[in-house]
Amino acid sequence: MDQNETPVLTALGEHQKLDRYGFTPPAHRQGRGVDPRVLEVLGEQSFRSDVLASSGLDDRKTSNGYLQRAQELMADAVGAEQTFFSTCGSSLSVKAAILAVTHGEGELLIGRDAHKSVVSALVLGGLQPRWIRPSWDNELKLAHPPTPREVEETWEKYPDASAALIVSPTPYGTCADIEAIVKICHERGKPLIVDEAWGAQLPFHSDTPTWAMSAGADLCVVSVHKMGIGFEQGSVFHLQGDLVDPVRLEHCADILSTTSASTLMYAAMDGWRRQMVQNGHEMIDRTLALTRRVREQIEELPGLHVLEEELTSHEATKDLDILHILVDVSGLGVTGYQAHDWLRENCRLDFGTTDHRRIEITMSIADDESTVQRLMDGLRLLIDAAPGFPASPPVLIPDEGELDLETVMLPRDAFFGPVEDIPVEESVGRIVAELATPYPPGVPVFLPGERINEASIKYLRSGVAAGMVLPDPGDASLRTIRVVKE
Ligand SMILES: Cc1ncc(COP(=O)(O)O)c(C=O)c1O
């Protein structure tokens, strides 16, 4: 295929040149109706590019197949058999993948470090999760990806599950041995879904960790906006092999999706694919070299430590995506929450995953010497300021096994059944009916259908007191919890 083509992007440029006008949504009519105060912030160009997909970008019958062609080009670029674009984030792609492989019933093997969008699929599909327990690192207090042995043991216990799903890279950049896990699944004739939300760059450079499609995964989900260059919510999912029906997959995405997908997002993904094919290797090369330097420079700063050896030496970690720089700030006597808040307030710098002792920097092909300089200046100022920070209340991090909550009810039944909100002090032993997900990275501590234990409550309450953000419980302060009515 001619990878110089950009069907959606080019059609959008043509649409603008031809001065088309639609008596259709979007009613802003390419910006004509927009309040100038809105235009001042959002710019005219974003509205000019926001057009209807059919009877807008394409004709009424979608005769030109721009989107179809852009998806084919993406599949060709990354070596998948089929690719689908989503404008509802990987959150939609993950749900579509799960519903397609399970047919909306039965059991699914899932790494317990999965993102909360997996839980949405369990609730929507009425599915029984069979958890693959990821290896919990008692020293670092974080979860490593599941090992092939852990996946195999879970299959032995639950051979009737329809598929397995793992997250790799994790939000910490650690990567599972996907090839070995694929082999274990395929020996049983079952598909493997890899949630590679953090892996957009992987197909385009051989010095990055193994890309799920080359490792033989059946389905893989990628957020273009996270590590690629695209608008928020842009996601793609890729398919290969004959274990997943492509038509069913498309139908599952269709029933979850919007009928008004953003052309702006499609066009950006289309252009990013061409950029990656043409220049991706060189750009990622430069970013990897820059990142190696940044990692070394941060490591030299007093009180800061870049995690690398501790992550790669764990048996579960096949590889590390170094673009995730996980910095331990505990040597400064502060928490990751305090460090992040201070850097935002004083240096206008924001970060990704933040926890009781770490902040995470994700590097992108957009970064260069000047952005790295800002980062290093900010970190130096943080080091100077840290001794003046008030003491943070301690976060009571559970030990190994303490967060392995028992699933005693289908997530859907717990979520939709009769519920009550009770004081947190009375919740131990009850079945939870809502999620509690420290964000980022978005891995639920408990989810509907699990029996609450004391360690999880202590962890979440002490975390909230220290600055952890829980966007999903009805009561974010966690004074009350929604549980299944007894
Ligand atoms: C592992 C993982 N999967 C899926 C998602 C959902 O991605 P999106 O934000 O594109 O909906 C995220 C988002 O943080 C994630 O970390």
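Both ligands and their constituent atoms are indexed starting at 1 by order of listing.
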A.B. asks: If you have a sec, work out which protein heavy atom is nearest atom 6 (C) of ligand 1 and how many Å separate them, to one decimal?
C.D. replies: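 For atom 6 (C) of ligand 1, the nearest protein heavy atom comes out as H115 CE1, 3.3 Å.
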A.B. asks: For S117, is at least one N or O under 3.5 Å away from an N or O on ligand 1?
C.D. replies: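 N/O-N/O distance below 3.5 Å does not exist for this pair.
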A.B. asks: Give the atoms of ligand 1, by number and element, whose distance to some non-hydrogen atom of H225 is under 4.0 Å.
C.D. replies: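 Result: 8 (P), 9 (O), 10 (O).
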A.B. asks: How far is atom 14 (O) of ligand 1 from the closest protein heavy atom, and which atom is that?
C.D. replies: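 Of the protein heavy atoms, K226 NZ, 3.0 Å lies nearest.
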A.B. asks: Return yes when atom CD of E345 has more than 12 non-hydrogen atoms of other residues, nucleotides or ligands closer than 6.0 Å, and no otherwise.
C.D. replies: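 It does not: E345 CD has 12 such atoms or fewer within range.
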A.B. asks: Taking atom types as modelled and ignoring hydrogens, do the side chains of H238 and T83 form a donor-acceptor contact shorter than 3.5 angstrom?
C.D. replies: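 Result is yes, a qualifying pair exists.
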A.B. asks: Is the H340 ring parallel, tilted or perpendicular to the F351 ring (thresholds 30°, 60°)?
C.D. replies: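 Perpendicular.
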A.B. asks: Yes or no on salt bridge (charged side-chain N to carboxylate O under 4.0 Å, His left out) for K318 and E179, after CA distance, side-chain angles and deciding distance?
C.D. replies: CA-CA 10 Å; K318 174 84 189 321; E179 250 168 78; 5.3 Å; no
A.B. asks: Which residue supplies the protein heavy atom nearest to atom 11 (O) of ligand 1, what is that atom called, and how far is it?
C.D. replies: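 Of the protein heavy atoms, S91 OG, 2.6 Å lies nearest.
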A.B. asks: Under a 4.0 angstrom heavy-atom cut-off, which atoms of ligand 1 come close to G89?
C.D. replies: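 With G89 as reference, the close atoms of ligand 1 come out as 10 (O), 11 (O).
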A.B. asks: Indicate, as side chain, backbone, both or neither, the part of S235 found under 4.0 angstrom from ligand 1 when only non-hydrogen atoms are considered.
C.D. replies: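 It is neither; nothing of S235 touches ligand 1.
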A.B. asks: Report the residue from I193, L219, I110, L124 that forms a side-chain contact (heavy atoms from CB on, under 4.5 Å) with I98.
C.D. replies: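 Only one of I193, L219, I110, L124 forms a side-chain contact (heavy atoms from CB on, under 4.5 Å) with I98, namely I193.
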A.B. asks: Kindly indicate, with the supporting measurements, whether the criterion salt bridge (charged side-chain N to carboxylate O under 4.0 Å, His left out) is fulfilled by E402 and K458.
C.D. replies: CA-CA 11 Å; E402 285 189 319; K458 279 189 179 158; over 6 Å; no
A.B. asks: Should you measure from each heavy atom of Y439, which atoms of ligand 1 turn up under 4.0 Å away?
C.D. replies: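 Reading through ligand 1 atom by atom, the close ones are 13 (C), 14 (O).
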A.B. asks: Check the surroundings of atom CD in E299: do more than 12 heavy atoms from other residues, nucleotides or ligands lie under 6.0 Å from it?
C.D. replies: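 Yes - once you tally the heavy atoms of other residues, nucleotides and ligands closer than 6.0 Å, there are more than 12.
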A.B. asks: For atom 8 (P) of ligand 1, what's the nearest protein heavy atom and its distance?
C.D. replies: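 Minimum-distance protein heavy atom for atom 8 (P) of ligand 1 reads S90 N, 3.4 Å.
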A.B. asks: For ligand 1, which atoms sit closer than 4.0 Å to a heavy atom of W198?
C.D. replies: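 Close to W198: 15 (C), 16 (O).
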A.B. asks: Which of the atoms of ligand 1 are close to V167, meaning less than 4.0 Å from one of its heavy atoms?
C.D. replies: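 What qualifies from ligand 1 is 1 (C).
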A.B. asks: Could you tell me how the ring of F237 sits relative to the ring of F84: parallel (under 30°), tilted (30 to 60°) or perpendicular (over 60°)?
C.D. replies: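 Correct class here is parallel.
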A.B. asks: What protein heavy atom is closest to atom 1 (C) of ligand 1, reported as residue, atom name and distance in Å?
C.D. replies: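 For atom 1 (C) of ligand 1, the nearest protein heavy atom is D195 OD2, 3.4 Å.
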A.B. asks: Against heavy atoms of S223, which atoms of ligand 1 measure under 4.0 Å?
C.D. replies: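 Counting from 1, the qualifying ligand atoms are 7 (O), 8 (P), 10 (O).
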A.B. asks: Using the ring of each side chain (for Trp, its six-membered ring), is H28 parallel, tilted or perpendicular to F47, with breaks at 30° and 60°?
C.D. replies: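 The rings of H28 and F47 stand perpendicular, inter-plane angle above 60°.
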